[in-house]
Q: 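Submitted below is the structure of interest, expressed as structure tokens.
Any value given below was found using the heavy atoms of this structure, including those in side chains, with hydrogens, waters and symmetry copies removed. Letters A, B, ... are given to chains in the order of the sequence lines, protein chains preceding strands, and every chain is numbered from 1.
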2 protein chains.
Amino acid sequence: MSATTGTHLSEQSIARLIEESGDPTTATVARLMGAAADAFAEKGFHATTTRDIASRAGLSPAGVYVHFTSKEDLLFELSRRGHQTARDELVAAARAAQTPTDALRSLVGGFSAWHAEHHQLGRIVQYEFRNLSPEHRDTVLELRREIDKVVRGVLQDGVDSGEFEVEDIPGTALALLSLAVDVARWYSPEIRRTPEEIGRTNGDLAVRLVTRR
Amino acid sequence: MSATTGTHLSEQSIARLIEESGDPTTATVARLMGAAADAFAEKGFHATTTRDIASRAGLSPAGVYVHFTSKEDLLFELSRRGHQTARDELVAAARAAQTPTDALRSLVGGFSAWHAEHHQLGRIVQYEFRNLSPEHRDTVLELRREIDKVVRGVLQDGVDSGEFEVEDIPGTALALLSLAVDVARWYSPEIRRTPEEIGRTNGDLAVRLVTRR
DNA sequence: GTCTATAGAAAGATAGAC
DNA sequence: GTCTATCTTTCTATAGAC
């Protein structure tokens with residue numbers, strides 16, 4: 001696990017994110033979650049073996065089960081915390097803004113940048129949802145509803161204030177989320193554009209999509 | 001496989017699509033591809049077993065291997081044909097239009113509607129790409145490049161004609177594709193909006209995103 | 001071209017020593 | 001809390017009869 005290998009950089013950054021994310025955890029749990037996030041994002045939940053996760057985290061195959069009851073449990077913890085940080089980011093962006101236009105720009109821009117910066121977690125949040133158990137799905141669904149609500153709220157605020165001109169509010173809200181969410185599908189750390197640039201482009205496009213003219 | 005079960009409706013519609021899609025195939029192959037498309041879209045490639053595909057198609061587990069050399073081969077055939085019909089749809093929309101604005105509207109609108117109408121195939125095209133073998137990935141990548149090229153071409157046409165005002169052409173092209181592609185993620189046959197309505201909304205939004213003011 | 005039967009490999013999870 | 005060893009199930013794919 002030396003710093004010179006290079007292959008574990010993103011795993012380490014996720015482990016750091018997990019450790020700093022409120023919810024306190026031990027270093028081993030953070031390392032396991034980082035390893036799992038890397039593997040799930042790279043190959044998908046079902047293509048990832050518990051042996052793979054364990055070895056990425058520097059543990060034996062049995063070592064995983066001391067900290068998580070199942071592979072699905074590991075996915076759930078990642079999905080839950082991913083949804084939480086994504087929602088927190090959105091709510092903070094909406095609160096900090098002075099006008100609906102500012103709010104929408106930093107909402108869609110920030111959410112897009114988040115999906116680039118944390119594209120492993122982003123993929124898990126957006127594309128591994130169906131692999132959660134029914135109970136775990138329900139828990140996460142609650143967080144997803146909050147996210148939708150924030151976007152629709154800002155859209156409605158802008159319509160009320162006269163800044164926005166929107167024909168179909170639910171359809172437009174979905175399109176705005178698509179703009180940000182789909183970043184997790186195409187983003188790769190190798191591309192030229194930085195997460196900040198992506199956020200700026202998509203934030204501007206979002207405003208353009210709804211501004212009255 | 002009676003018409004009254006209801007559970008095989010989408011499988012049958014994919015089988016019909018496959019049979020009518022140029023590339024001639026036998027009824028059994030079409031049925032197998034329909035079953036696989038259904039299963040892959042519902043549970044993902046790795047979560048789908050060959051037994052599941054065979055039984056959905058009314059065959060024994062061994063029956064699959066008479067027509068396809070492997071599970072991945074079945075995925076490849078679906079991915080290839082899916083990409084082809086998607087590209088054909090896009091090219092036709094671009095050709096039929098009189099102005100860049102019309103072209104963009106029917107391009108993004110049609111592509112969005114396609115991802116709703118054929119959401120099983122759409123999910124396979126967009127989300128199961130990484131499960132192809134390296135050789136098969138290359139084949140499909142060629143079709144993906146054509147799709148990107150059509151979108152950028154229309155965007156450039158509009159900028160040249162003065163109809164469009166675009167700050168960042170590659171970034172905007174990606175955002176326009178996101179609008180359409182992400183439909184495959186959230187669409188479900190149970191929702192209220194029809195594929196046509198989704199296409200109309202997204203086509204209008206696409207035009208709004210780039211029109212000079 | 002379809003079947004039954006099964007080979008062979010790999011997976012998730014546990015037992016029990018340390 | 002971590003290990004080695006392994007149980008049990010399940011999977012892809014093939015063999016060989018019809």
Side-chain angles (χ1 to χ4, degrees), chain A residues 1 11 15 18-19 24-79 124 128 130-136, chain B residues 1 8 11 15 18-19 24-40 42-79 124 128 130-136:
Chain A
M1 195 59 86
E11 178 201 318
I18 295 294
E19 276 189 292
T25 48
T26 67
T28 305
V29 167
R31 201 147 38 83
L32 266 170
M33 291 182 73
D38 248 25
F40 289 161
E42 193 182 311
K43 313 197 286 188
F45 176 73
H46 274 103
T48 298
T49 67
T50 52
R51 287 174 156 78
D52 184 13
I53 296 167
S55 84
R56 282 181 199 238
L59 289 176
S60 74
V64 176
Y65 295 91
V66 177
H67 306 282
F68 296 92
T69 63
S70 68
K71 191 171 81 159
E72 190 273 343
D73 185 37
L74 199 34
L75 175 65
F76 171 59
E77 277 305 314
L78 282 168
S79 185
I124 290 164
E128 302 296 343
R130 63 177 166 195
N131 295 314
L132 293 169
S133 73
E135 298 76 27
H136 288 162
Chain B
M1 194 60 88
H8 292 94
E11 178 200 320
I18 295 294
E19 275 190 292
T25 47
T26 67
T28 306
V29 166
R31 203 149 34 83
L32 267 169
M33 290 181 73
D38 248 25
F40 290 161
E42 193 183 311
K43 315 197 286 188
F45 176 73
H46 274 104
T48 298
T49 67
T50 53
R51 283 176 151 77
D52 185 13
I53 295 167
S55 83
R56 283 181 197 239
L59 289 176
S60 73
V64 176
Y65 295 92
V66 177
H67 306 282
F68 297 92
T69 64
S70 68
K71 192 171 81 159
E72 190 272 342
D73 185 37
L74 199 34
L75 175 65
F76 171 58
E77 277 305 314
L78 283 168
S79 185
I124 289 164
E128 302 296 345
R130 62 177 166 193
N131 295 314
L132 293 168
S133 73
E135 297 76 27
H136 288 163

Q: For Pro61(A) and for Arg51(B), locate the closest nucleotide of DNA chain D by heavy-atom distance; then report the residue assigned to the nucleotide nearer the 5' terminus.
A: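 Checking each residue's closest nucleotide, the 5'-ward one belongs to Pro61(A).
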
Q: Which parts of residues 62-77 of chain A get close to DNA chain D, meaning a heavy atom less than 4.0 angstrom away?
A: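 Residues of residues 62-77 of chain A under 4.0 Å from DNA chain D: Ala62(A), Val66(A), His67(A).
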
Q: Check the distance between dA13(D)'s P and Leu59(B)'s CG and give it to me in whole angstrom.
A: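 It is 16 Å, rounded to the nearest whole Å.
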
Q: Short question: side chain of Asp73(A), backbone of Thr69(A) - any donor-acceptor pair under 3.5 Å?
A: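 The answer is yes, because a donor-acceptor pair under 3.5 Å joins these two groups.
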
Q: Looking at Ser60(A), I'd like to know whether one of its side-chain N or O atoms comes within less than 4.0 Å of OP1 or OP2 on dT2(D).
A: no

Q: Leu32(A) has an atom CG; how far is it from atom P of dA13(C), in whole Å?
A: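 Whole-Å distance recorded here is 14 Å.
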
Q: I want to check one thing: is the phosphate of dT2(D), taken as OP1 and OP2, less than 4.0 Å away from some side-chain N or O of Thr28(A)?
A: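 For dT2(D), OP1/OP2 do have a side-chain N/O of Thr28(A) under 4.0 Å.
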
Q: Mind checking the CD-CD1 spacing from Glu77(A) to Ile18(A)? Nearest 0.5 Å is all I need.
A: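 Here the rounded value is 8.5 Å.
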
Q: Roughly how many Å is it from CD1 in Ile53(A) to P in dT2(D), rounded to a whole number?
A: 16 Å

Q: For Leu59(B) and Val66(B), what are the C-alpha separation, side-chain angles and deciding distance, and is it a side-chain contact (heavy atoms from CB on, under 4.5 Å)?
A: CA-CA 11 Å; Leu59(B) 289 176; Val66(B) 177; over 6 Å; no

Q: Does the Glu72(A) side chain pair with the main chain of Ser133(A), one donor and one acceptor, at a distance under 3.5 Å?
A: yes

Q: Give me the one residue out of Lys43(A), Met33(A), Glu11(A) that meets side-chain contact (heavy atoms from CB on, under 4.5 Å) with Asp38(A).
A: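 With Asp38(A) as partner, Lys43(A), Met33(A), Glu11(A) yield a single side-chain contact (heavy atoms from CB on, under 4.5 Å), made by Glu11(A).
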
Q: Keeping Arg31(B) on the side-chain end and Ala57(B) on the backbone end, is there a donor-acceptor pair under 3.5 Å?
A: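 Looks like yes, one N/O pair under 3.5 Å.
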
Q: For a quick check of understanding: with a heavy-atom distance under 4.0 Å over all strands, which category does Thr26(B) fall into, base, sugar-phosphate or nothing?
A: nothing

